[in-house]
Protein chains: 2
Amino acid sequence: MGIPKRQVSSTASSRIYDTLRQDLINGRFTAGEKVAISALKERYEIGLSPLREALNRLAAHGLLIQENQRGFRVPSMERSELDDIAEMRRELEGMALERAIRLGDAEWESELLAAAHRLKRADMAPDKVEEWEHFHACFHRTLVAPCGSAWLLRFIAQLHDQFDRYRRMAPEAPEVRRVLDAQHGELVELALERDIKSARALMDDHIQRSYQVALQGVLSPA
Amino acid sequence: MGIPKRQVSSTASSRIYDTLRQDLINGRFTAGEKVAISALKERYEIGLSPLREALNRLAAHGLLIQENQRGFRVPSMERSELDDIAEMRRELEGMALERAIRLGDAEWESELLAAAHRLKRADMAPDKVEEWEHFHACFHRTLVAPCGSAWLLRFIAQLHDQFDRYRRMAPEAPEVRRVLDAQHGELVELALERDIKSARALMDDHIQRSYQVALQGVLSPA
DNA sequence: TAATGATAAAAAATCGATTGTTTGGGCTAG
DNA sequence: CTAGCCCAAACAATCGATTTTTTATCATTA
């Protein structure tokens, strides 16, 4: 009945890719450590071929470092790299937000409101963090979605993965968290009002505060 | 004697990766076409495993499109995508150039002069194109190298691969080519004079002209 | 005739085993 | 001692064969 939907079959490669990506972002691997391929094989109960394909993709994405003949390493976490990532986020997301505000249509406004609402409703209880993270990523993606540049969106997504790796390592900061949550709502307001200048400024501030939080993860090694 | 240099042994995967990357950029595959994996296996006389690993990396890099259970396709070439790529190059390379000029030291100045000279000396005779392309890529890389952001450089490199795929498809344009070649020298001058504003403007113009050339490849299908 | 379904051929993905490289430990010569 | 060398164990990379999924073909039926 209806949609001739094409079976979205997945492969072992892409499943393990998604899993490893999450686990890398969530810091389930020690930074700087070498990844023992055969250990992963056991741990995730997966064959070598799909595993290696996933590792290759992750390396191309920057979530792993590949060295010929000696496998893969988890990138180390350096303050200087976080600085770089945050600075790039400011530049690229600022650019994207400005364009999104110029180009976004009524449909975008609706989706943005919806995404913001879902995020506000989601709670951050320890067992719900994954869900919250999902809505949070969705919100930021929706915010810049109509910027008109597929490549810009791609780069921003990559930077988010990198940034989140640091952020999730950092200790909780409820004070700042409240401010950051409030800013999500304010961003929506400014976007709907098409106030480019204020929106960019707020986005800058938002990323800067997130950066300050994430920074605690690098400064105080767990 | 001297450097305890580590043997930079390569793997079948990374060799075939480099080869395929070049061939994709050089338009040796029909845009939009599905890549027949077993055909590649024969053509490049390589095993399935290293081949598939290379394809996975290329897809993560954006030089191929991967679809679960139905292999890989060569991305189609659309004017709208070239527009996007060129616009992103203007933004990101402009940003990088400004920072490079601020941060670049004396050593950079030397390398930049050297790179520009090698490029000027290289000729573009049909059988030397590869060499020219190499020096050209080197020059642009050197120009922005000291921008201070590894991620920015990474994104720019990715955009260059994409852009070149269009540019190399386009018919030759000797008139414009002369202007573009001259601009390389002018870019060095402005960089050495640390004239950020003019340098950015020139870089913008340089990319814009290259874009006009590349555009001919999309408009007039070979 | 157009849609449906069965089936064969083709292609992608995965597995298990093999080959090749690196690494670490112990031995020897200086 | 310690630098250099050799060997074995560990690990990464690759191969060849198998399984799974898609695609193409063709008969069947509404």
Side-chain angles (χ1 to χ4, degrees), chain A residues 1-21 23-24 29-30 32-76, chain B residues 1-21 23-24 29-61 63-76:
Chain A
M1 105 224 213
I3 305 145
K5 101 162 94 169
R6 180 175 267 302
Q7 175 71 14
V8 274
S9 40
S10 82
T11 62
S13 286
S14 41
R15 278 195 302 276
I16 190 66
Y17 171 85
D18 288 335
T19 307
L20 284 174
R21 175 173 161 274
D23 288 357
L24 281 163
F29 295 91
T30 312
E33 203 180 45
K34 192 163 168 331
V35 296
I37 302 189
S38 57
L40 292 190
K41 186 167 115 56
E42 311 296 320
R43 176 164 161 191
Y44 294 98
E45 299 178 53
I46 189 105
L48 268 183
S49 317
L51 179 55
R52 286 189 57 89
E53 291 190 8
L55 294 175
N56 271 278
R57 286 195 230 175
L58 288 164
H61 244 270
L63 279 169
L64 284 176
I65 293 164
Q66 185 165 27
E67 282 164 317
N68 281 343
Q69 306 291 11
R70 77 190 64 124
F72 300 83
R73 287 187 307 109
V74 182
S76 59
Chain B
M1 107 218 204
I3 305 145
K5 107 159 87 168
R6 181 175 267 301
Q7 173 72 13
V8 273
S9 41
S10 84
T11 62
S13 285
S14 42
R15 279 194 303 274
I16 190 63
Y17 172 84
D18 289 335
T19 307
L20 285 173
R21 175 173 161 274
D23 288 357
L24 281 163
F29 295 91
T30 312
E33 202 180 45
K34 192 164 167 332
V35 296
I37 301 189
S38 56
L40 292 191
K41 184 167 116 58
E42 311 297 321
R43 177 164 161 191
Y44 294 98
E45 299 179 56
I46 189 103
L48 267 184
S49 317
L51 179 54
R52 286 188 58 88
E53 291 190 8
L55 294 174
N56 271 280
R57 286 194 230 175
L58 289 164
H61 223 266
L63 280 169
L64 284 176
I65 293 163
Q66 184 166 27
E67 283 164 317
N68 281 342
Q69 307 290 13
R70 77 190 62 128
F72 299 84
R73 287 186 308 109
V74 182
S76 58

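In what follows, chains carry the letters A, B, and so on, assigned in the order in which the sequence lines appear, proteins first and then strands, with residues in each chain numbered from 1. None of the values given here were measured: they were computed from a predicted structure.
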In whole Å, I'd like the distance from the [atom1] atom of [X] to the [atom2] atom of [N].
{"X": "Asn56(B)", "N": "dA12(C)", "atom1": "CG", "atom2": "P", "value": "13 Å"}
{"X": "Leu40(B)", "N": "dA12(C)", "atom1": "CG", "atom2": "C1'", "value": "13 Å"}
{"X": "Gln66(B)", "N": "dT22(D)", "atom1": "CD", "atom2": "P", "value": "15 Å"}
{"X": "Tyr17(B)", "N": "dA13(D)", "atom1": "OH", "atom2": "C1'", "value": "18 Å"}
{"X": "Phe72(B)", "N": "dA12(C)", "atom1": "CZ", "atom2": "C1'", "value": "9 Å"}
{"X": "Ile16(A)", "N": "dT14(C)", "atom1": "CD1", "atom2": "P", "value": "11 Å"}
{"X": "Glu42(B)", "N": "dA11(C)", "atom1": "CD", "atom2": "P", "value": "12 Å"}

Side-chain donor-acceptor distances from residues 32-51 of chain B under 3.5 Å, at least two apart:
| unit_1 | atom_1 | unit_2 | atom_2 | d |
| --- | --- | --- | --- | --- |
| Tyr44(B) | OH | Asp23(B) | OD2 | 2.6 |

Do any N or O atoms from the side chain of Gln69(B) and from the backbone of Ser10(A) form a donor-acceptor pair under 3.5 angstrom?
-> yes
Reckon Lys34(B) has a side-chain N or O less than 4.0 Å from the OP1 or OP2 of dT23(D)?
-> no
Output yes when at least one side-chain N/O atom of Arg70(B) is less than 4.0 Å from OP1 or OP2 of dT23(D), else no.
->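 Affirmative; the distance criterion is met.
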Heavy-atom nearest pair, Ala54(A) first then Ser13(A), reads CB-O, 3.8 Å
Is there a side-chain contact between Val74(A) and Leu24(A) (heavy atoms, below 4.5 Å)?
-> yes
With side chains defined as the heavy atoms from C-beta onward, is the minimum distance between Tyr17(B) and Thr11(B) less than 4.5 Å?
-> no
Between N or O atoms, less than 3.5 Å apart, protein on one side and nucleotides 14-20 of chain D on the other: list the pairs.
| unit_1 | atom_1 | unit_2 | atom_2 | d |
| --- | --- | --- | --- | --- |
| dT14(D) | OP1 | Ala12(B) | N | 2.2 |
| dT14(D) | OP2 | Ser13(B) | N | 3.4 |
| dT14(D) | OP2 | Ser13(B) | OG | 3.0 |
| dC15(D) | OP2 | Gly47(B) | N | 3.3 |
| dC15(D) | N4 | Ser49(B) | OG | 3.1 |

Quick one: do Arg21(A) and His61(A) satisfy side-chain contact (heavy atoms from CB on, under 4.5 Å)? Show the steps, please.
-> CA-CA 10 Å; Arg21(A) 175 173 161 274; His61(A) 244 270; over 6 Å; no
